[in-house]
There are 2 protein chains.
Amino acid sequence: MLKIGDFSRLSHLTVKALRFYEKEKLLIPASVDEWTGYRFYETSQLEDAARIKACRQLDLSIDEIRAILSGADMMQVLSDKAKALSEQREKTDILLSRIHHMLEGKEMKYQATEKVMPAATVFYAETVLENYSDIMQWIPSLGEECRKLNPHLRCAEPEYEFCEYPDGEYKEHDIQIRHNQAVTARGVENDVVKFREIPETKVLSIYHKGAYDSIGEAYAFIMKYAEDNGYQPAGLTRECYIDGIWNKESVDDWLTEIQLPVR
Amino acid sequence: MLKIGDFSRLSHLTVKALRFYEKEKLLIPASVDEWTGYRFYETSQLEDAARIKACRQLDLSIDEIRAILSGADMMQVLSDKAKALSEQREKTDILLSRIHHMLEGKEMKYQATEKVMPAATVFYAETVLENYSDIMQWIPSLGEECRKLNPHLRCAEPEYEFCEYPDGEYKEHDIQIRHNQAVTARGVENDVVKFREIPETKVLSIYHKGAYDSIGEAYAFIMKYAEDNGYQPAGLTRECYIDGIWNKESVDDWLTEIQLPVR
DNA sequence: GATAGAGGATCCCCTTAGGGGAGAGTCAAC
DNA sequence: GTTGACTCTCCCCTAAGGGGATCCTCTATC
């Protein structure tokens, strides 16, 4: 009959752990003094202690160990655990690749995040603009057009409004542009404003601060980031204008989100 | 000015997380209504939110993110994180290798654990025995011999007593055996009983239950286990007799610990 | 027999990054 | 005025024990 301290030294488990295992009904002392509450263990319990310790060293949880001791299929538990560990290893590898990407990139100007944009119904319009600065005249006109056609149509909450550049190539002039805005339902179309559904989309997102003329850096960054981290581009990049000339005096305060759909 | 729910939808952070980040002083709302307690955010804070979210997706802790936002060297933080992740990956790999070893081994009869035995002073004696069953006559005689030489010498607490087989090969007869027992100090020697110091030793430990004639399986297991998991044997295997003929009637209750020193 | 020190007991708080829910107050629309 | 959607604060929960406070028990020594 060993007191808890002796059993602790022999089993190489801390006293705290032994008391915890009793509470969890993993390893019950052979006897407990009714008056003093002292726990007493038998040497034969060292075997159980070793089994528990071995399981903990395999990083099995208390619940898993309890299941095993209750006769669950150890092989099953272990192969489940192996699967979980493999998944964890993959995640760690992905994180490492991202961090190394950032460490090599040197510039922390942009930070990519992954998010999922919900499916939506949008009204959209396309045109070809002489140059970028015409965008902010064009977009408000679309809203009016749409409201004229569909007076009762509402924008979706939260607002989601973005531009795409179907050209695929960068141009300084004659820019083909498509503007999209999420709404609550389809409505009447005409030859300017049409409707379509966009599906739920996983995107890489970065925020670009400042004037639009340096937005190319942001594109460069996000494309390289995607490539380095094993993302497959899956659609046209979306630009969301958050702060701009309409609400910020200083060009340095303009804020644009760039979303790259990925798989 | 966005209410917390709107900001949550735009930033893709939960309301709970936003409140938590305020408590942690990571992301303070641009203003808080003095009377209602409502938090109000500005669109420009989406950028901060995205930065925080990006950091969390790199699995950086709140403390690390706060350090970065306070101007700490992001590169340093990231390379520390990369180091930690690499270490974690190694640990995961080790666990996976152990689990696969167990899954392939099929038999769960033995469970290896790693532990560290403290340094100790031992008295020891060697002899050659006709066969294994003579051990239990021989060992008690050593204790008497030692007490005769050193009446005041005490055994170390916890008791640590083990046998080694310096032969290195398995024999059925003419077994060379060395018995060691940890004591509190050196004492007088004679030609039977001598003293020496043993250093702190990392060992792999398994428990063998039952008669000694099947102990070979335990040895086989522990050696294969060590080999499969990249341990280097670093000394003679130690046998600790925990339960045996002296206190257990049934041979099935005998319990022996086998310790393999490893690097 | 008294006492000191070691070791045992229980109980409470702490760790991460928020999640879940209760109860109460606020805001906008109908 | 009411209803329903939001929002607030406050409390408890996670896994596996660690750290510490306070009180009790055992053993050795004087």
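Chain A is the first sequence line, chain B the second, and so forth, proteins listed ahead of strands; every chain is numbered from 1. Because the structure is predicted, anything quoted here is derived from the model rather than measured.
Partner of B:Phe162 under the side-chain contact (heavy atoms from CB on, under 4.5 Å) criterion, chosen from B:Met117, B:Glu257, B:Arg238, B:Gln181: B:Arg238.
Separating the CD atom in A:Glu144 from the CG atom in A:Leu142 is a distance of 9.5 Å, to the nearest 0.5 Å.
Between the CD atom of B:Glu22 and the C1' atom of D:dT9 there is a distance of 12 Å, given to the nearest Å. Nucleotide C:dG8 holds its P atom 21 Å from the CD atom of A:Glu34, rounded to whole Å. Counting to the nearest Å, the C1' atom of D:dA5 and the CD1 atom of B:Ile4 are 15 Å from each other. Between the P atom of C:dA17 and the CG atom of B:Asp63 lies a distance of 8 Å, rounded to the nearest Å. What separates CD1 of A:Ile52 from P of D:dG17 is a distance of 10 Å, to the nearest Å. Regarding A:Trp35, its CH2 atom lies at a distance of 18 Å from the C1' atom of C:dG8, rounded to whole Å. One interatomic measurement links the two molecules: CG of B:Leu2 to C1' of D:dT7, which rounds to 15 Å at whole-angstrom precision. Following rounding to the nearest Å, B:Tyr38 (OH) and D:dC8 (P) show an atom-to-atom distance of 7 Å.
Side-chain nitrogen and oxygen atoms of B:Thr36 include none within less than 4.0 Å of the OP1 or OP2 phosphate oxygen of D:dT7. At D:dG17, none of the side-chain N or O atoms of A:Arg19 fall inside 4.0 Å of OP1 or OP2 (strictly under the cut-off).
With D:dG17, C:dT26, C:dG7 as the choices, the nucleotide that has an atom nearest any side-chain atom of A:Phe20 turns out to be D:dG17. Of the candidates D:dG17, C:dC27, C:dA17, the closest approach to any side-chain atom of B:Arg56 belongs to C:dA17. With D:dT7, D:dC26, D:dG18 as the candidates, the nucleotide lying closest to the side chain of A:Thr14 is D:dG18.
At a cut-off of 3.5 Å, with distance as the only test, no side-chain donor of B:Thr113 or A:Gln57 sits close to an acceptor on the other residue.
Scanning all heavy atoms of the two residues, the minimum distance from B:Tyr124 to B:Asn180 falls at CB-OD1, 3.4 Å. Smallest separation of non-hydrogen atoms from B:Leu149 and B:Val193: CD1-CB, 4.3 Å.
With DNA chain C read from its 5' end, the first of the two nearest nucleotides for A:Arg39 and B:Ser61 is the one closest to A:Arg39. Place B:Lys23 and B:Asp33 on DNA chain C by their nearest nucleotides, and B:Lys23 ends up nearer the 5' end.
Residue B:Tyr21 places no side-chain atom within donor-acceptor reach of the base of C:dG18, judged by atom type and a 3.5 Å distance cut-off alone. B:Lys16 contributes a side-chain N or O that forms a donor-acceptor pair with the base of C:dG21 under 3.5 Å.
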